[in-house]
Amino acid sequence: MKICKKILPFITAAIITLSFAACSTLPFNENNSITSDESTFGSDSVTYPASVANLMSKYENDLLNDIKRNGITAINTSTTVTGWDPGEIENGTPETGGDAVLSSASLDGIDVSLIAHNISRLPADGIDGGHLEDCGGKLCADRVLLYLKDGEGRKALSTQINSISPGHHRISGECLFDGSTRIYKTAQDGKDYYLLMQYAEYDEDKDALIATFYVLDMELYDILSPKDENGVSGGGLWIIDINAPAESRISSWGQAYQASKRFKYKSGTTFYDPEYGYEITFDMKRGKATVTYPNE
């Protein structure tokens with residue numbers, strides 16, 4: 001089992017299934033079947049490109065099940081993110097009025113960055129009349145997003161970071177540390193899967209960091225999402241739904257869970273947190289995870 005990560009300095013509303021539309025720009029013939037790189041999939045012998053058939057064999061969720069039933073239809077590009085290029089944001093100290101890479105991680109040619117666009121407030125700044133009280137101790141910006149790219153030129157952007165509202169464009173300064181964005185490689189049923197972990201919230205009362213986990217697959221996000229003028233997919237990421245004992249959860253957000261900085265890989269698809277005493281096992285095929293406390 002190979003686990004790697006490379007972390008650079010610094011560093012939503014709850015969504016259970018993929019938030020991008022069940023659609024694609026792939027070419028269709030007059031019978032609505034795709035005409036290149038074809039593979040059959042399912043009992044009805046619907047024809048798909050090999051890449052789509054591979055995704056449907058690798059994952060199970062509402063979006064892909066809908067594609068199996070109804071095929072792929074033309075996308076609506078009016079919902080994509082437009083107007084600026086996240087690829088132009090460089091590493092540097094966050095400053096008011098600027099853009100910044102807050103944290104990043106790389107593994108096997110996949111690069112993930114937590115970025116802020118047009119920063120309006122830094123965590124150390126006080127509160128003034130232009131900001132709500134819940135911006136205190138947080139970095140505030142027009143956009144706080146996850147930006148993903150790989151060596152094949154695929155790019156994706158998502159605002160699905162945390163449960164702070166409105167707009168999901170604030171993040172606690174406690175989440176901006178070396179190692180706050182992580183990528184893990186694991187295997188399930190003979191297939192490789194990538195797990196993206198982002199420390200996303202901070203509970204002041206419990207002094208607890210809260211992390212969000214995602215299925216990380218650039219092929220999935222590239223094929224099934226609309227793109228903007230910069231070629232960036234803007235449909236969102238697949239947040240993993242976490243099943244945990246109700247009395248143990250610090251965060252009320254079902255797609256996140258408390259995680260110390262000592263969160264580590266154990267074996268298979270199981271990780272553990274020595275500070276909180278739990279194990280979390282991921283079902284990457286279905287985008288789910290289960291938390292247990294083996295010593296209780």
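Only this structure's heavy atoms are used, side chains among them; waters, hydrogens and symmetry mates stay out.
- Between the side chain of Lys206 and the backbone N or O of Ser251 there is no donor-acceptor pair closer than 3.5 Å.
- For the pair Lys185 and Asp108, the salt-bridge criterion is met [side-chain N within less than 4.0 Å of a carboxylate O].
- Closest approach of His117 and Asp99 over heavy atoms only: ND1-OD1, 3.1 Å.
- Of the possible polar contacts, one joining the Gln160 side chain to the Leu237 backbone as a donor-acceptor pair under 3.5 Å is found.
- Side chains of Arg249 and Ile242 form a contact here, defined as non-hydrogen atoms less than 4.5 Å apart.
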(request) Determine, step by step, whether Lys261 and Leu209 satisfy the side chain to side chain contact (heavy atoms under 4.5 Å, CB included) criterion, reporting the C-alpha distance in whole Å, the side-chain angles of both residues, the deciding distance to 0.1 Å, and the verdict. (result) CA-CA 8 Å; Lys261 295 180 181 181; Leu209 290 165; 4.0 Å; yes

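- For the atom pair OG (Ser106) and CG (Asp150), the distance works out to 11.5 Å, reported to the nearest 0.5 Å.
- Within the 3.5 Å criterion, the main-chain N or O of Ile161 finds a donor-acceptor partner in the side chain of Thr212.
- The structure places CG of Asp125 at 9.0 Å from SG of Cys140, a figure rounded to the nearest 0.5 Å.
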(message) Evaluate Lys285 against Tyr193 for side chain to side chain contact (heavy atoms under 4.5 Å, CB included), listing each step before the verdict.
(response) CA-CA 8 Å; Lys285 185 179 180 69; Tyr193 293 88; 4.0 Å; yes

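- Atom CG of Leu139 sits about 5.0 Å away from atom CD1 of Ile119, to the nearest 0.5 Å.
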(message) If you apply the rule side chain to side chain contact (heavy atoms under 4.5 Å, CB included), what do you find for Leu122 with Thr96, and how did you get there?
(response) CA-CA 7 Å; Leu122 299 174; Thr96 302; 4.0 Å; yes

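- Contact record, Gly92 with Ala100: O-CB, 4.4 Å, taken as the closest heavy-atom pair.
- Screening Tyr265, Tyr194, Phe271, Tyr214 against Phe282 for a ring pair (Phe, Tyr, Trp, His ring centres under 6.0 Å) leaves a single residue, Phe271.
- Between Pro123 and Lys138 the shortest side-chain heavy-atom distance does not fall below 4.5 Å.
- Arg121 places no side-chain N or O within 3.5 Å of a backbone atom of Gly137 that could act as its donor or acceptor partner.
- Asn230 places no side-chain N or O within 3.5 Å of a backbone atom of Val232 that could act as its donor or acceptor partner.
- Formation of a donor-acceptor pair under 3.5 Å by the Gln258 side chain with backbone atoms of Ala208 is not found in this model.
- A donor-acceptor pair under 3.5 Å is absent between the side-chain atoms of Glu275 and the main chain of Ser260, judged by distance alone.
- The OG atom of Ser158 lies 6.5 Å from the CD1 atom of Ile239; values are rounded to the nearest 0.5 Å.
- Between atom SG of residue Cys175 and atom CG of residue Leu114 there is a gap of 9.0 Å, rounded to the nearest 0.5 Å.
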(message) Could you walk me through whether Ser248 and Tyr276 satisfy the side-chain hydrogen bond (donor to acceptor under 3.5 Å, both in side chains) test, starting with their C-alpha distance in whole Å, then the side-chain angles of each, then the deciding distance to 0.1 Å, before giving a yes or no?
(response) CA-CA 10 Å; Ser248 70; Tyr276 290 107; over 6 Å; no

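- A donor-acceptor pair is defined here as one N or O able to donate and one able to accept, closer than 3.5 Å; such a pair exists between the side chain of Glu201 and the backbone of Ser163.
- Between Phe213 and Phe263, a ring centre-to-centre spacing shorter than 6.0 Å is recorded.
- Between Val144 and Ala141, the shortest heavy-atom distance links the atoms CG2-CB, 4.1 Å.
- Looking at heavy atoms from C-beta onward, Asp207 lies out of side-chain contact with Glu174 at the 4.5 angstrom threshold.
- By the salt bridge (Lys or Arg N to Asp or Glu O under 4.0 Å) test, Glu152 pairs with Arg154, sequence neighbours left out.
- Less than 6.0 angstrom separates the ring centroid of Phe177 from the ring centroid of Tyr199.
- Between Glu219 and Leu55, the shortest heavy-atom contact is OE1-CD2, 3.8 Å.
- Atom CG of Leu216 sits about 4.5 Å away from atom CD1 of Ile110, to the nearest 0.5 Å.
- Taking the side chain as every heavy atom from C-beta outward, Leu195 and Met284 approach each other to under 4.5 Å.
- With sequence neighbours left out, the side-chain hydrogen bond (donor to acceptor under 3.5 Å, both in side chains) criterion links Tyr278 to no other residue.
- Tyr272 and Tyr293 fall into different hydrophobic clusters, defined by Ile, Leu, Val, Met, Phe, Trp and Tyr side-chain heavy atoms under 4.5 Å apart, directly or through other members.
- Closest approach of Gly254 and Asp241 over heavy atoms only: O-OD1, 3.6 Å.
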(message) For a side chain to side chain contact (heavy atoms under 4.5 Å, CB included) check, start with the C-alpha distance between Val215 and Asn61, then their side-chain angles and the critical distance, and finish with the verdict.
(response) CA-CA 12 Å; Val215 174; Asn61 58 46; over 6 Å; no

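- Annotation: salt bridge (Lys or Arg N to Asp or Glu O under 4.0 Å) contacts of Arg286 (sequence neighbours excluded): Glu60, Asp283.
- The two residues Arg143 and His169 come nearest to each other via the heavy atoms CA-ND1, 3.4 Å.
- No hydrogens or angles considered: a donor-acceptor pair under 3.5 Å links the side chains of Asp217 and Tyr59.
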